Amino acid sequence: MTAKTEKPSDFIRDIVADDLRSGKYKQIRTRFPPEPNGYLHIGHAKSICLNFGIARESGGICNIRMDDTNPTKEEAEYVESIMTDVHWLVDGWADNHVGGAPFYASDYFDRFYEYAIDLIRKSKAYVCDMTSEETDAYRRLGKASGFRDRSVEENLGLFARMKAGEFLDGARTLRAKIDVNAANVWLRDPVLYRIRHASHHRTGNKWCIYPMYDWAHTLSDYIEGITNSICTLEFEVHRPLYDWILDALELPEPHPHQYEFARLNLTYSVISKRKLIQLVNEKLVNGWDDPRMVTISGLRRRGVTPTALRTFAYNIGITKYPSMTDMALLEHTMRDEFNRTATRRLVVLRPIKLVLTNYPEGKTEELDAINNPEDANAGTRKIPFGRELYIEQDDFMERPPPKYFRLRPGGEVRLKYAYIIKCDEAVKDEAGNVVELSCTVDLDSKSGGPTAGRKVKGTIHWVSAVHATDADIRLYDRLFTVPEPDASGDFKSFINPNSLEVVKAKCEPALAEARPEERYQFERLGYFALDPGSTAEKQIWNRTVTLRDTWAKEAKK
RNA sequence: UGCCUCGUGGUGUAAUGGUAGCACUAGAGACUCUGAAUCUCUCUGUCUAGGUUCGAAUCCUAGCGAGGCAGCCA
């Protein structure tokens, strides 16, 4: 039931354990290498938990590295958000296993260049003058480029001129000389460098040739002394090229090794960066940190905690099977944690007034309420009670269905921490809408009082009308209406029109002292977190997740 | 099409040649001053066919199915 984040086990950790046992590596060094071209999402969280988790469990190190080799896509803004998100998730858990300040592939551009020259000298790379289309066509046919057999000197000269900016974008490339007929297309003389006359977010205009992923990534791993280079399944076919580069350069051992695992898929959501950026750009959500987004910043704003996210990552495991994880598992992970940790408060989301006709006018009582029944150390607080209250509209029905045991005309219900009341009349406006409930209170039934033990089936939450404070509450629901929005057609057509509802709530006074870092359970409703846009004058709350609601299921029957 | 990888209840996973287990979900019940939590119970699984073996989810072969790759993106 509690978070079992201490001893995960999976095929990659088995390999790590073997590597250590056999002495292949003295210390494990992993890395988390995002490209700074978007915000991190829950799939990255899985990878972060894996890479930093392995470092943490094995006494190793995990580097954060910006894979910034494509100047046309990457921006400094993203670097900042990535660092914020990684630290939020890792601090207090694996922070003493972080490999210092973030590394940048762009810091190695000079060394990549030197390695490229070395590769040319070894006759294992050549400058190719074919267009992108020609390269593509030749590769499909398994046909060798006409420039494949240029001399080392000519290649060296051409490559230097590429670097010097003598050629237009796309005019030439540097290609590895491997095997134009290889069954694995990534071995058919892959491009190592392309020409891009573009300013880079860190190196400015120093370069006009930029290394491709395979070249940069493999060498970055080697330069940093990475031992286990863990990536997602789509890079599986790149592994032979990864190994080829290390061998072709005859780099001293030990070499890093690449392992692949399945990326995360979650029901009722889209996870790919491309799709998330569409939601942002087309304003279908309110930015990258919209609480309905499965970005790390969105989840954080929604109220998800690092511990819950790590527990979730542990629970889903690491495999090579491309699975579809049920959103219900994420929700369960949050409820499980918050049930143990959240401070309870009484809040009425959709208020209806209730008047206790036999309770003295002007009288106020202070009632004791428990802050967290799961945590004895959380203590108690006082809640003011009076003649006029607010209760939830849903907690009264004039003609209730079977098994409804909240308030009804002539019926009784317990007010949590207070009295048992009876509904005498539903007061209506001219249109016939119930606008107020007229009730009487059993004054002996107060919690701790003479008839407090009297059993009534229902207990509801409430708030004293004169003491209540106001707050805006954002009720979030799943962003999509179908389990697999990108299974077919346009995922945007499945957006849930009711994924956000804002209500004006009435809150018990103690909520005014709420702290942003704390999580709250509004009793019988769900778990909530203060939005960063909240102020002392105007509280704004985000619903992180509802409580399980078996009545909602029952009512649907 | 070629190459690579992967198939265990509805979902996510464990079992590393020796009793198919755990969690989520769903359903039933107990308890309840949260229709929450907690507790009990139930449903449901090794893709198929051969083979090896005393014994196969596990090893082998074939088939079927799914995913990935085939950018001068990462």
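All figures in this text were calculated on a predicted structure; none of them were measured in a lab. Naming: A, B, ... by sequence-line order, numbering from 1 per chain.
Identified under the salt bridge (charged side-chain N to carboxylate O under 4.0 Å, His left out) test for residues 162-175 of chain A, with sequence neighbours left out: A:D129-A:R172, A:R161-A:E166.
Taking atom P on both B:U42 and B:U61, the two are 41 Å apart, rounded to the nearest angstrom.
Aromatic ring centroids of A:Y419 and A:F385 lie under 6.0 Å apart. Aromatic ring centres of A:F11 and A:Y259 lie farther apart than the 6.0 Å criterion allows. For an aromatic pair to be called close, the ring centres must be under 6.0 Å apart, and A:F528 with A:Y520 fails this. Ring to ring, A:H238 and A:Y242 are not that close: their centroids are 6.0 angstrom or more apart. Between A:W215 and A:Y115, the gap from one ring centroid to the other reaches at least 6.0 Å.
Remark: A:E35 in residues 35-49 of chain A come within less than 4.0 Å of RNA chain B through at least one heavy atom.
For the pair A:F528 CZ and B:A36 P, the interatomic distance rounds to 17 Å; values are reported in whole Å. Atom-to-atom, CZ of A:R239 to P of B:A74 comes out at 20 Å; the value is rounded to the nearest Å. Atom-to-atom, CG of A:N315 to P of B:A14 comes out at 12 Å; the value is rounded to the nearest Å. Atom CG in A:D395 sits roughly 8 Å away from atom P in B:G35 (whole-Å rounding). Atom CD in A:Q258 sits roughly 16 Å away from atom P in B:C4 (whole-Å rounding). A:N339 has its CG atom 11 Å from the P atom of B:C39, to the nearest Å. Nucleotide B:G67 holds its C1' atom 9 Å from the OH atom of A:Y321, rounded to whole Å. The distance from atom CG of A:L547 to atom P of B:G35 is 9 Å, rounded to the nearest whole Å.
The shortest distance between the side-chain N/O atoms of A:T325 and the OP1/OP2 oxygens of B:U11 is not below 4.0 Å.
The residue among A:S323 and A:D129 whose nearest nucleotide of RNA chain B is located toward the 5' end is A:S323.
Across all strands, A:M130 comes closer than 4.0 Å to base atoms (heavy-atom distances). Among the atoms of the strands shown, base atoms are found under 4.0 Å from some heavy atom of A:K416.
When only modelled atom types and interatomic distance are considered, A:H461 and A:R344 share no side-chain donor-acceptor pair under 3.5 Å. Side chain to side chain, A:E337 and A:T307 meet the donor-acceptor criterion of an N or O pair below 3.5 Å.
In this structure, A:F159 and A:Y193 have perpendicular ring planes: the angle between them is above 60°, well past the 30° mark. Ring geometry for A:Y108 against A:F112 counts as perpendicular: the plane angle is over 60°, on a 0 to 90° scale with 30° as the lower cut. Using cut-offs of 30° and 60° for the angle between ring planes, the A:F109 and A:W207 rings count as perpendicular.
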Listed pairs, N/O of protein and of nucleotides 25-30 of chain B, under 3.5 Å:
from: B:A26; atom 1: OP1; to: A:K553; atom 2: NZ; distance (Å): 2.8
from: B:A26; atom 1: OP2; to: A:K553; atom 2: NZ; distance (Å): 3.4
from: B:A28; atom 1: OP1; to: A:K557; atom 2: NZ; distance (Å): 3.4

Can you tabulate the close N/O pairs, meaning under 3.5 Å, that link protein atoms to atoms of nucleotides 68-71 of chain B?
from: B:C69; atom 1: O2'; to: A:W186; atom 2: NE1; distance (Å): 2.6
from: B:G71; atom 1: OP1; to: A:R140; atom 2: NH2; distance (Å): 3.4
from: B:G71; atom 1: OP2; to: A:D136; atom 2: OD1; distance (Å): 2.3

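Between the side chain of A:E260 and the base of B:U5, no donor-acceptor pair under 3.5 Å is found.
Listed candidates were B:U34, B:G35, B:G12. Nearest to the side chain of A:M324 is B:G12.
Considering only residues two or more places apart in sequence or on other chains, A:E35 meets the salt bridge (charged side-chain N to carboxylate O under 4.0 Å, His left out) condition with none of them.
When base pairs are accepted only as Watson-Crick or G-U wobble with both N-N or N-O distances under 3.5 Å, RNA chain B takes part in stems of 3 or more pairs at B:1-7 with B:64-70, B:10-13 with B:21-24, B:26-30 with B:38-42, B:47-51 with B:59-63.
Under the 4.0 Å criterion applied to side-chain N and carboxylate O atoms, A:R65 and A:D221 are assigned as salt-bridge partners.
Annotation: cation-pi pair A:R202/A:Y104 present, NZ/CZ under 6.0 Å from the ring centroid and within 45° of its normal.
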